[in-house]
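Right, one structure below, let's go through it.
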Amino acid sequence: MTFENAKEKLKTYGQEHVLQYFDTLSETEKSSLLQQIDETDFSVTKQIAASQSEQTRGVITPIDAMTLQEIQANAKAFTENGLEAIRAGKVAAVLLAGGMGTRLGSDDPKGMYDIGLTKPVYIFERIVRNLFDVVDQSGTWIHLFVMTSDKNHEATTTFFEKQNYFGYNAEYIHFFRQEMAPAATYEGKVYMESKSRIATSPNGNGGWFASMKQAGLLSLIHEAGIEWLNVFAVDNVLQRIADPCFIGATLARNCKVGAKVVRKADPDEKVGVMCLEDGRPSIVEYYEQTEQLRNTKNADGEPAYNFGVILNYLFHEKSLEEICDTTLPLHIVEKKIPYIDENGTFIKPEEPNGYKFESLILDMIHLLDTCLPYEVVREKEFAPVKNKTGVDSVESARALLQQNGYTL
Ligand SMILES: CC(=O)N[C@H]1[C@@H](OP(=O)(O)OP(=O)(O)OC[C@H]2O[C@@H](n3ccc(=O)[nH]c3=O)[C@H](O)[C@@H]2O)O[C@H](CO)[C@@H](O)[C@@H]1O
């Protein structure tokens, strides 16, 4: 992209300040900034105003889940069917690890965090070991796709290599990068993280399938005969991956997606909740749940929207191909964004100072017409590591791991 073209593009979006330091840059910096301007989608910054006006959602009503009791009664048949699908090579796993571990106060990828006490136990290691449980049970290697972002790709791939893939078959581990989005002030001006670089951040976990497609991984999926993708978050160290019983249940119900859920610990727990929206399965993310939604009770006096997602979904791959060109809604999230000020000084803010733009995986559910909310036992399957201490923390995850018999 030429300087003139860049200037024109920036003018369209009111972002001319991006070229403020252009004359002071080296030739390499100049060309890398021009390339970044070319690749950046600035249209997201226009959505701030739209998001501040009334959000339009459909009519939200409660949804039923397959409960623990029902699962227990059918566990044997579900598990056998799930194992059969795994052995036929129809199931792969997708680890979402493009996010940043900022809440843990670390600049490393979250999966590199060591939660061990007497020996190193990295989050990535715990996840690979959890996947091994099913590899051992089924006698089949399971493809593991790992989503990274520009911010952590090198560190992640180098770490896996250095750790010898934690004993996993490296031919079955595939890394791919997600896209980035610019970060902006509350007024929609993109931040610069240096004189030659626009501040960007991963564009949310909703683009994972589009990024897999972009990376050319669909040919591998087709050749290997993969029909189901079990997508899960990096931060849950008790995550059951490619769980045969869950797979069997989703198959039995003939659903296009299965979603593992737990009963919410309290109305304010930071989990997305399952519901129906205009009669179709949907999820309302925690920071968008209204007071009314959190406190509505059903006929038995129980919370009506009580099934929280743990970010473990089983997607029918062909159905994803059908919806992957549909644009997902954009969520605008307040964040702390490091930037350079008008004097060129680098600032790492202590308080939120602007917005990031994200699309979310949970919005994919609403595009598919059938979803099985599948209840799991919280203490056995949900130990999220979001913070250092307190709720959903390194400490609470350690306690849950120990409770489940793991040595740390
Ligand atoms: C959007 C989403 O799914 N939110 C879920 C997430 O909340 P939570 O607030 O943890 O969501 P985050 O956006 O922090 O991250 C969720 C996962 O997505 C990954 N990620 C995130 C952003 C990104 O650009 N790229 C990327 O790969 C992260 O590495 C992580 O594995 O977990 C909760 C359970 O603990 C769920 O109840 C929430 O519904």
Side-chain angles (χ1 to χ4, degrees), residues 44 93-104 106 108-113 123-124 126-127 145-153 155-156 175-183 200-212 230-239 241 257 259-266 268-275 282-289 294 305-313 315 328-335 356-366 371 373 376 378 381-387 391-393 396-397 400:
V44 291
V94 184
L95 164 59
L96 301 177
M100 317 220 273
T102 35
R103 277 184 278 179
L104 289 179
S106 157
D108 280 336
K110 204 169 196 178
M112 280 175 66
Y113 198 88
I123 292 182
F124 279 140
R126 199 50 275 142
I127 282 170
F145 299 94
V146 183
M147 182 164 88
T148 63
S149 67
D150 285 356
K151 300 267 180 200
N152 65 19
H153 186 82
T156 305
F175 297 92
F176 66 101
R177 285 177 207 240
Q178 70 173 105
E179 328 285 310
M180 305 293 280
T200 58
S201 64
N203 66 347
N205 60 15
W208 67 276
F209 189 73
S211 299
M212 277 183 90
N230 182 204
V231 190
F232 61 96
V234 70
D235 59 22
N236 175 9
V237 287
L238 277 181
Q239 194 85 256
I241 306 154
V257 57
K260 286 200 169 185
V261 296
V262 289
R263 281 173 205 260
K264 276 177 81 169
D266 61 73
D268 296 328
E269 185 179 11
K270 290 187 170 169
V271 286
V273 291
M274 292 247 28
C275 60
S282 194
I283 296 170
V284 183
E285 184 60 321
Y286 56 88
Y287 56 77
E288 291 170 354
Q289 290 164 20
R294 288 202 302 267
Y305 299 95
N306 206 25
F307 292 115
V309 287
I310 63 167
L311 220 185
N312 186 318
Y313 303 106
F315 283 98
L328 293 173
L330 208 59
H331 297 254
I332 297 180
V333 200
E334 249 194 297
K335 288 269 165 80
K356 287 185 177 181
F357 305 89
E358 298 192 332
S359 65
L360 309 183
I361 187 170
L362 40 87
D363 287 319
M364 295 170 96
I365 309 294
H366 192 52
C371 175
V376 299
R378 166 188 289 274
E381 298 206 20
F382 192 38
V385 183
K386 314 270 185 199
N387 310 301
V391 179
D392 297 346
S393 67
S396 60
L400 281 163

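Only this structure's heavy atoms are used, side chains among them; waters, hydrogens and symmetry mates stay out. The first residue of the sequence shown is numbered 1, and numbering continues consecutively from there. First listed ligand is number 1; within each ligand, the first listed atom is number 1.
The line from OG1 of T156 to CE of M112 is 7.5 Å long, rounded to the nearest 0.5 Å. Here the OH atom belonging to Y313 is positioned 14.0 Å from the CZ atom belonging to F232, to the nearest 0.5 angstrom. A distance of 4.5 Å separates NZ of K335 from CD of E358, quoted to the nearest 0.5 Å.
By the side chain to side chain contact (heavy atoms under 4.5 Å, CB included) test, E269 pairs with K264, A265, D266, V271, R378, F382, sequence neighbours left out.
Within 4.0 Å of ligand 1, heavy atoms belong to protein residues L96, A97, G98, G99, R103, M147, Q178, P202, N203, G204, N205, A233, V234, D235, V271, G272, E285, Y286, V309, L311, L360, I361, L362, F382, K386.
Using a 30° and 60° split on the angle between ring planes, F145 and F176 fall in the perpendicular class, above 60°.
Between K270 and D392 no salt bridge is recorded (no basic side-chain N to carboxylate O distance below 4.0 Å).
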